[in-house]
Amino acid sequence: MIRPLRGTRDILPGEVERWQHVERVARALCERYGYLEVRTPVIEREELFVKGTGEATDIVHKEMYSFTDKGGDRVTLRPEATPSMVRAYVEHALEQSLAAVKLYSMGPMFRYERPQKGRYRQFHQLDVEVFGLNDPAVDAEVIDLAWTLVDDLGIRQSELVINSVGCRECRPTFLAALLEALGDDVAKLCQDCQRRAAINPLRIYDCKVPADQAIIERLPHAIDYLCAPCAEHFAGVKAQLDAWGIPWRISHRLVRGLDYYSRTTFEILGAASGESADGAEGGAALGAQNALLGGGRYDGLVQDLGGPDRPGIGFAAGLERLVLALPREAVTTVAPGAFVVAIGAGARADGLNLLRELRRAGCVAHMDLEGRSLRAQMKRADRIQARVTLIIGDDELAKGEVTLRHMTSGEQIAVPRGAVVDAVRRQLASRPYGARETS
Ligand code: HAM
């Protein structure tokens, strides 16, 4: 038996319906907010991520699936979507063809990380990006979309954290203050942090090594070093979030693990511990990997990747984590359907016709094509949780009728053959498949 790669997984029936639900809600929401879908390749030139995601990040430094292809090109399985979205925006000059460049994408990403609950080597993101707009209301609108996504999925006890990491004007002052505050303590930090201090000191805030935390907690806060335009921008974001009643908390450590951010950064955290988790409402707790989504502004990235000087902002949500946090009862995994039970050769021919008529009319319909005994057919109808069975025997054939049995009540009625499809449609339509029962 050949086993799958560590950190990759199959998504099987029973779970896949939860994925479909998350994808459906995400897609509908993006469209409601005016975003258009883009699909970019999962494989790109390595250079795109080295320049885009940033050489100083853990992603580029240690986690990329990069290799030399048979033509000798260095290629990478994308670790995130943002650089590809920027590349597509620039390459196709989307600002000229689209009235507003608000894009979304969904698909697999690849990072060679240590797998654990909520963290995989192949995982999936919903990625959302807006290009060309500076106003703080745009930041707030993107955050609102993220917040509404989590809310529409029925995920409770989530928390929005925000920060501002400043711009190319004010960042150097902050970094200088940071290095000064760090002083000789830099030698006491982990190897990774010592490397970070030399290449990109901001990354020190991402450190999870317990022994480093006391030192990091004492370091200065980015929001105390913002230049006037950045401070005003951040105030605008907070004011708009307040106006919409979206609760936020500032996290000084929220510098995000990627190099391209400027000004606003944000994350929505799900429940890390079990309290919420297995209650009536909440889905599974996420454990240490509790960021449901994260993002921010990246005003220099488009230009860094060879495009015009245009700002950008966006976020990505981990679909695995949304599916984990989704309330258990949010999705029905069995589509209500009809089961055609035929007894005898004539009945079987008519049953096969009825099966096709039902499917063409939009109903989920099943039949035992192996033609087993009545008992075996009824047992199967039960097993697949058919909502109704349609029984055709000699009697029914002679009368031009079908016996419709409602499986939960056991009630049976005779329906004229010509009216069966409509009767089944009505029975199956009572609650749409996949919808939240509570909404
Ligand atoms: P990120 O924080 O690296 O940001 O990832 C966003 C989300 O993807 C995380 O919050 C998490 O839910 C999920 N995620 C990341 N790594 C894994 C993993 N190994 N396994 C499972 N889920 C994971 C970005 O990727 C940026 N491109 C977001 C962005 C878009 N910023 C601006 N625009």
Side-chain angles (χ1 to χ4, degrees), residues 5-9 11 19 22 26 30 35 38 40 48-49 52-54 57-60 62-65 77-89 101-131 138-139 142-143 145-146 149-150 153 155 158-161 163 165 203 206 254-270 272 286-302 305 311-326:
L5 292 173
R6 203 160 114 77
T8 70
R9 54 194 295 275
I11 302 161
W19 282 77
V22 168
C30 287
Y35 287 79
V38 166
T40 64
L48 178 68
F49 303 105
T53 309
T57 61
D58 279 356
I59 295 179
V60 171
K62 335 185 213 188
E63 296 168 3
M64 291 220 294
Y65 279 90
L77 294 179
R78 62 179 181 192
E80 58 147 344
T82 308
S84 303
M85 297 288 263
V86 172
R87 184 195 48 65
Y89 165 70
V101 195
K102 297 167 69 174
L103 311 173
Y104 78 94
S105 194
M106 268 193 262
M109 309 290 151
F110 305 85
R111 295 183 194 175
Y112 195 82
E113 293 192 85
R114 196 169 49 78
Q116 56 175 264
K117 184 172 186 182
R119 187 162 77 189
Y120 309 94
R121 289 183 176 167
Q122 176 177 332
F123 61 100
H124 300 76
Q125 283 185 342
L126 160 71
D127 185 75
V128 169
E129 312 288 356
V130 181
F131 294 102
V138 176
D139 304 43
V142 169
I143 295 173
L145 169 60
L149 171 67
V150 172
L153 289 171
I155 299 172
S158 45
E159 188 188 23
L160 167 66
V161 288
N163 194 17
V165 293
R203 294 273 72 78
D206 297 334
L254 188 67
V255 294
R256 309 261 309 126
L258 303 116
D259 278 353
Y260 46 65
Y261 290 112
S262 56
R263 295 191 164 175
T264 316
T265 54
F266 65 96
E267 280 184 358
I268 294 181
L269 310 175
L286 289 161
Q289 303 302 319
N290 70 331
L292 293 169
L293 58 86
R297 205 165 246 294
Y298 47 86
D299 291 345
L301 181 61
V302 176
L305 289 177
I313 176 168
F315 73 87
L319 297 186
E320 279 76 6
R321 298 187 192 175
L322 293 179
V323 168
L324 265 169
L326 190 68

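Start at 1 and go down the list; that is how both ligands and their atoms are numbered.
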> Are any of the N/O atoms in Ala81 less than 3.5 Å from those in ligand 1?
Replying inline: no

> Is there a nitrogen or oxygen of Glu80 sitting under 3.5 Å from a nitrogen or oxygen of ligand 1?
Replying inline: yes

> Near Leu293, which atoms of ligand 1 are under 4.0 Å from a heavy atom of that residue?
Replying inline: 10 (O)

> More than 12 foreign heavy atoms under 6.0 Å from OH of Tyr65: is that the case here?
Replying inline: yes

> Nearest protein heavy-atom contact for atom 11 (C) of ligand 1: which residue, which atom, what distance?
Replying inline: Arg321 NH1, 3.4 Å

> For ligand 1, which atoms have a heavy atom of Asp127 less than 4.0 angstrom away?
Replying inline: 30 (C)

>> I'd like to check which ligand 1 atoms, numbered from 1 as shown, lie under 4.0 Å from a non-hydrogen atom of Gly295.
In response: 31 (N)

> Got a donor-acceptor contact below 3.5 angstrom from the Arg321 side chain to the Leu293 backbone?
Replying inline: no

> Tell me: protein heavy atom nearest atom 12 (O) of ligand 1, and distance?
Replying inline: Ala291 O, 2.9 Å

> To the nearest 0.1 Å, how far is atom 14 (N) of ligand 1 from its closest protein heavy atom, and which atom is that?
Replying inline: Phe123 CE1, 3.5 Å

> Is the shortest N/O to N/O distance between Tyr298 and ligand 1 below 3.5 Å?
Replying inline: no

> Taking the six-membered ring of Tyr120 as reference, does the NZ or CZ atom of Arg9 fall below 6.0 Å from its centre and within a 45° cone about the axis?
Replying inline: yes

>> If the cut-off is 4.0 Å to any non-hydrogen atom of Gly118, which atoms of ligand 1 fall inside it?
In response: 20 (N), 21 (C), 22 (N)

> With no hydrogens and no angle check, is any side-chain donor or acceptor of Ser262 less than 3.5 Å from a backbone partner on Asp299?
Replying inline: yes

> In the protein, what heavy atom is nearest to atom 13 (C) of ligand 1, and what distance, to one decimal place, separates them?
Replying inline: Gly318 CA, 3.6 Å

> For atom 1 (P) of ligand 1, which protein heavy atom lies nearest, and how many Å away is it?
Replying inline: Arg256 NH2, 3.6 Å

> Nearest non-hydrogen atom to atom 6 (C) of ligand 1 belongs to which of Gly312, Ala317, Ala316?
Replying inline: Ala316

> Under 4.0 Å from any heavy atom of Tyr261, which atoms of ligand 1 are there?
Replying inline: 26 (C), 28 (C), 29 (C), 31 (N), 32 (C)

> Is the side chain of Arg111 donor-acceptor paired with the backbone N or O of Glu63 at a distance under 3.5 Å, no angle test?
Replying inline: no

>> So if I count the atoms of ligand 1 from 1 in the order they appear, which ones are less than 4.0 Å from some heavy atom of Tyr260?
In response: 26 (C), 27 (N), 31 (N)

> Tell me: protein heavy atom nearest atom 20 (N) of ligand 1, and distance?
Replying inline: Tyr120 N, 3.0 Å

> Within the side chain of Thr265, is there an N or O that forms a donor-acceptor pair under 3.5 Å with the backbone of Leu254?
Replying inline: yes

>> Using every non-hydrogen atom in the two residues, find where Pro311 and Arg297 come nearest and quote the distance to one decimal.
In response: CB-NH1, 3.7 Å

>> Give me the nearest non-hydrogen protein atom to atom 32 (C) of ligand 1 as residue plus atom name, then the distance to 0.1 Å.
In response: Gly314 O, 3.2 Å

> Closest approach of Glu320 and Gln122, non-hydrogen atoms and distance?
Replying inline: OE2-O, 4.0 Å

> Considering distance alone, does some N or O of Leu292 sit under 3.5 Å from an N or O of ligand 1?
Replying inline: yes

> Any donor and acceptor pair, going by atom type alone, linking the side chain of Arg121 with main-chain N or O of Glu113 inside 3.5 Å?
Replying inline: yes

>> When you measure from the side chain of Asp127 to the backbone of Ala81, do you find a donor-acceptor pair of N or O atoms at a distance under 3.5 Å?
In response: no

> Who gets closest to atom 33 (N) of ligand 1 by heavy atom: Glu129, Arg119, Arg111, Lys117?
Replying inline: Glu129

>> Can you tell me which portion of Gln125 lies within the under-4.0 Å heavy-atom range of ligand 1? Options are side chain, backbone, both, or neither.
In response: side chain

> Do any N or O atoms from the side chain of Thr57 and from the backbone of Leu258 form a donor-acceptor pair under 3.5 angstrom?
Replying inline: no

> Does ligand 1 have a heavy atom under 4.0 Å from the side chain of Phe110, from its backbone, from both, or from neither?
Replying inline: neither

>> Check the orientation of Tyr298 and Tyr260. Use parallel for under 30°, tilted for 30 to 60°, and perpendicular for over 60°.
In response: perpendicular

